[in-house]
K.L.:
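Before I ask anything, let me first share the structure, which is written out below as structure tokens.
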Amino acid sequence: MNSIWTIARKELSDSLRNRWLLAISLVFATLALGIAWFGAAASGQVGYASTPATIASLASLGIFLIPLIALLLAYDAIVGEEEGGTLLLLMTYPLSRSQLLFGKFLGHGLTLALATFIGFGVAGIAIALLVEDVRIAGLAVAMFRFIASTILLGWGFIALAYLVSVRVSEKPVAAGLALAIWFFFVLVFDLALLGTLVASQGQFSSELLPWLLMLNPTDIYRLLNIVAFSDSAELNGVLSLGAELPIGAAGLWFGLVLWFTVPLTGAIFLFRNRRI
């Protein structure tokens with residue numbers, strides 16, 4: 001465990017030194033504050049709208065921003081060490097490959113978690129202090145749920161980045177695959193599912209369709225943050241299928257957990273069998 005924590009601290013200190021943590025925190029805080037105060041500008045209003053509307057808007061931002069940041073943060077975790085000539089040196093230390101990979105994941109995961117907590121936490125505190133009629137308890141619960149689900153979403157894409165990083169041998173290839181993963185899950189998946197619905201003309205299994213949303217962590221994330229306010233937020237598009245899922249919020253949380261544990265386990269397996 002000491003070896004894992006040593007590797008994690010190194011990754012975390014590297015993130016602090018190269019300003020990753022500071023930059024991500026500032027981006028999150030700035031965008032969150034902007035959405036909180038100007039999210040209702042399209043309807044001709046400026047100012048804080050409501051907690052459900054703010055969380056829904058932040059979740060819409062998160063599905064684009066969090067996966068991209070997570071992938072950029074970790075795509076070169078292993079292949080970058082190999083190209084830099086430091087992977088062989090790390091392998092001479094008294095730690096296993098599983099410990100090395102898990103330590104790196106822990107470091108990158110803590111970096112993203114801290115940036116998310118600081119960035120969105122600052123926005124939540126600003127809302128609580130500056131908005132007069134906001135319900136503090138409701139805001140705190142909503143922000144905690146949003147931040148926790150955002151961290152899990154980020155960890156899922158960090159794990160996917162590790163899966164790529166241990167499989168390829170060149171950083172440009174890893175970067176290209178990381179962007180392809182982002183493009184598929186954020187943009188293509190829902191369009192493909194919508195196309196399937198239209199092309200099948202209602203003949204596709206209605207029992208199976210809602211479960212297909214569980215194959216995309218960004219859809220789970222959106223459902224988790226929107227279903228929590230189902231009395232004031234309507235599901236639309238392919239997300240309307242989520243209303244038919246019988247698993248509830250607990251099942252959605254479990255789905256996000258699986259989305260980082262399964263790819264991470266796969267990355268550890270591939271790395272243990274990889275020739276260096």
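Only this structure's heavy atoms are used, side chains among them; waters, hydrogens and symmetry mates stay out.
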K.L.:
Which is it for L224 and L256 under the side chain to side chain contact (heavy atoms under 4.5 Å, CB included) test, yes or no, and what are the steps along the way?
P.N.:
CA-CA 10 Å; L224 191 58; L256 279 182; 4.0 Å; yes

K.L.:
Which distance, rounded to the nearest 0.5 Å, do you find between the CZ of R167 and the CD1 of I78?
P.N.:
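One finds 14.5 Å between CZ of R167 and CD1 of I78.
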
K.L.:
Does a side-chain heavy-atom distance below 4.5 Å link V173 with L177?
P.N.:
yes

K.L.:
Cluster question for you: counting only ILVMFWY and a side-chain heavy-atom cut-off of under 4.5 Å, with indirect links fine, are M143 and V141 together?
P.N.:
no

K.L.:
Apply side chain to side chain contact (heavy atoms under 4.5 Å, CB included) to the pair V164 and L160, showing each step before the final yes or no.
P.N.:
CA-CA 6 Å; V164 168; L160 289 172; over 6 Å; no

K.L.:
For the atom pair CG (L73) and CD1 (I24), what is the distance rounded to the nearest 0.5 Å?
P.N.:
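Result: 5.5 Å between the selected atoms.
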
K.L.:
For L72, which of D76, L68, I69 qualifies under side chain to side chain contact (heavy atoms under 4.5 Å, CB included)?
P.N.:
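Among the candidates, only L68 passes.
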
K.L.:
Look at the side chain of W259 and the backbone N and O of M214, then say whether any donor-acceptor pair between them is shorter than 3.5 Å.
P.N.:
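Looks like yes, one N/O pair under 3.5 Å.
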
K.L.:
Does the side chain of T150 come under 3.5 Å of the side chain of Y221 through a donor N or O and an acceptor N or O?
P.N.:
yes

K.L.:
Output yes when a side-chain donor or acceptor of T218 lies under 3.5 Å from a complementary backbone atom of I63, and no otherwise.
P.N.:
no

K.L.:
Can you find a heavy atom in the side chain of R222 that is under 4.5 Å from one in the side chain of D190?
P.N.:
yes

K.L.:
Determine yes or no for a side-chain-to-main-chain donor-acceptor pair under 3.5 angstrom, with N216 supplying the side chain and F185 the backbone.
P.N.:
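Answer holds: yes.
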
K.L.:
If you look only at distance, which donor and acceptor atoms sit under 3.5 Å apart when one is on a side chain in residues 107-128 and the other is two or more places apart or in another chain?
P.N.:
| unit_1 | atom_1 | unit_2 | atom_2 | d |
| --- | --- | --- | --- | --- |
| H108 | ND1 | K104 | O | 3.4 |
| H108 | ND1 | Y162 | OH | 2.6 |
| H108 | NE2 | E11 | OE1 | 3.3 |
| T111 | OG1 | S15 | OG | 3.2 |
| T111 | OG1 | G107 | O | 2.9 |
| T116 | OG1 | L112 | O | 2.7 |

K.L.:
Taking all heavy atoms of T30 and all of L26, pick out the closest pair and write down the distance.
P.N.:
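Shortest heavy-atom separation between T30 and L26 comes out as OG1-O, 2.8 Å.
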
K.L.:
How far does CG of L258 sit from CD1 of I220, to the nearest 0.5 angstrom?
P.N.:
8.0 Å

K.L.:
Do I181 and F184 land in one hydrophobic cluster if side-chain heavy atoms of ILVMFWY residues count as linked below 4.5 Å?
P.N.:
yes

K.L.:
Has T86 got a side-chain atom pairing as donor or acceptor with E82's backbone, closer than 3.5 angstrom?
P.N.:
no

K.L.:
What heavy-atom pair brings A267 and L163 nearest, and what distance separates the two atoms?
P.N.:
N-CD1, 3.4 Å

K.L.:
Report yes or no: does W182 contribute a side-chain atom to a donor-acceptor pair with the main-chain N or O of F64 at less than 3.5 Å?
P.N.:
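Flag set: sc W182 to bb F64 pair under 3.5 Å.
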
K.L.:
Do you know the tightest heavy-atom contact between S169 and E83?
P.N.:
O-OE2, 3.7 Å

K.L.:
Once rounded to the nearest 0.5 Å, what's the spacing between atom CG of L213 and atom CH2 of W211?
P.N.:
10.5 Å

K.L.:
What class does the angle between the rings of F260 and F105 fall in, given that below 30° is parallel, 30 to 60° is tilted and above 60° is perpendicular?
P.N.:
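Correct class here is parallel.
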
K.L.:
Is W253 reachable from F144 through a run of I, L, V, M, F, W or Y residues, each pair having side-chain heavy atoms under 4.5 Å apart?
P.N.:
no

K.L.:
To the nearest 0.5 Å, tell me how far L95 CG sits from N2 CG.
P.N.:
11.5 Å

K.L.:
For a 4.5 angstrom cut-off between non-hydrogen side-chain atoms, does L264 reach W155?
P.N.:
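No. Closest side-chain heavy atoms not under 4.5 Å.
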
K.L.:
Give a yes or no on whether F183 atom CZ has more than 12 heavy-atom contacts from other residues, nucleotides or ligands under 6.0 Å away.
P.N.:
no

K.L.:
Take L89 and T92 through the side chain to side chain contact (heavy atoms under 4.5 Å, CB included) test and state the conclusion after the steps.
P.N.:
CA-CA 5 Å; L89 177 62; T92 63; 4.0 Å; yes

K.L.:
Run the side chain to side chain contact (heavy atoms under 4.5 Å, CB included) check on Y93 and Q99 step by step: do they pass?
P.N.:
CA-CA 11 Å; Y93 294 162; Q99 289 175 321; over 6 Å; no

K.L.:
Tell me the closest heavy-atom pair linking G62 and P67, and the distance in Å.
P.N.:
O-CD, 3.2 Å

K.L.:
Would a distance-only check, ignoring hydrogens and angles, find a side-chain to backbone donor-acceptor pair under 3.5 Å from N273 to F269?
P.N.:
yes

K.L.:
Under a 4.5 Å side-chain heavy-atom rule over Ile, Leu, Val, Met, Phe, Trp and Tyr, are F157 and V257 clustered together?
P.N.:
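Per the 4.5 Å side-chain linkage, F157 and V257 are co-clustered.
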
K.L.:
Which atoms form the tightest heavy-atom contact between S3 and P94, and what is the distance?
P.N.:
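Nearest pair, atom of S3 first, then P94: OG-O, 3.8 Å.
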
K.L.:
Would you call F271 and L100 a side-chain contact if the rule is heavy atoms closer than 4.5 Å?
P.N.:
yes

K.L.:
Hey, mind stepping through S149 and N225 against side chain to side chain donor-acceptor pair (under 3.5 Å) and telling me if it holds?
P.N.:
CA-CA 8 Å; S149 61; N225 285 286; 3.1 Å; yes

K.L.:
Salt-bridge test for D14 and R9: reply yes if a basic N is under 4.0 Å from a carboxylate O, no otherwise.
P.N.:
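No salt bridge links D14 with R9.
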
K.L.:
Please check: side-chain N/O of S165 versus main-chain N/O of A161, any donor-acceptor pairing under 3.5 Å?
P.N.:
no

K.L.:
Taking a hydrophobic cluster as the set of Ile, Leu, Val, Met, Phe, Trp and Tyr residues connected by side-chain heavy atoms closer than 4.5 Å, whether directly or through intermediates, do F254 and I151 fall within one such cluster?
P.N.:
no

K.L.:
Would you check if L101 and V166 make a side-chain contact, meaning some heavy-atom pair closer than 4.5 Å?
P.N.:
yes

K.L.:
What is the distance from atom CD1 of I7 to atom CG of L106, rounded to the nearest 0.5 Å?
P.N.:
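Rounded to the nearest 0.5 Å, the CD1-CG separation comes out at 11.0 Å.
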
K.L.:
Identify the two heavy atoms, one from A178 and one from Y75, that lie closest to each other, and give their separation to 0.1 Å.
P.N.:
CB-CB, 4.0 Å

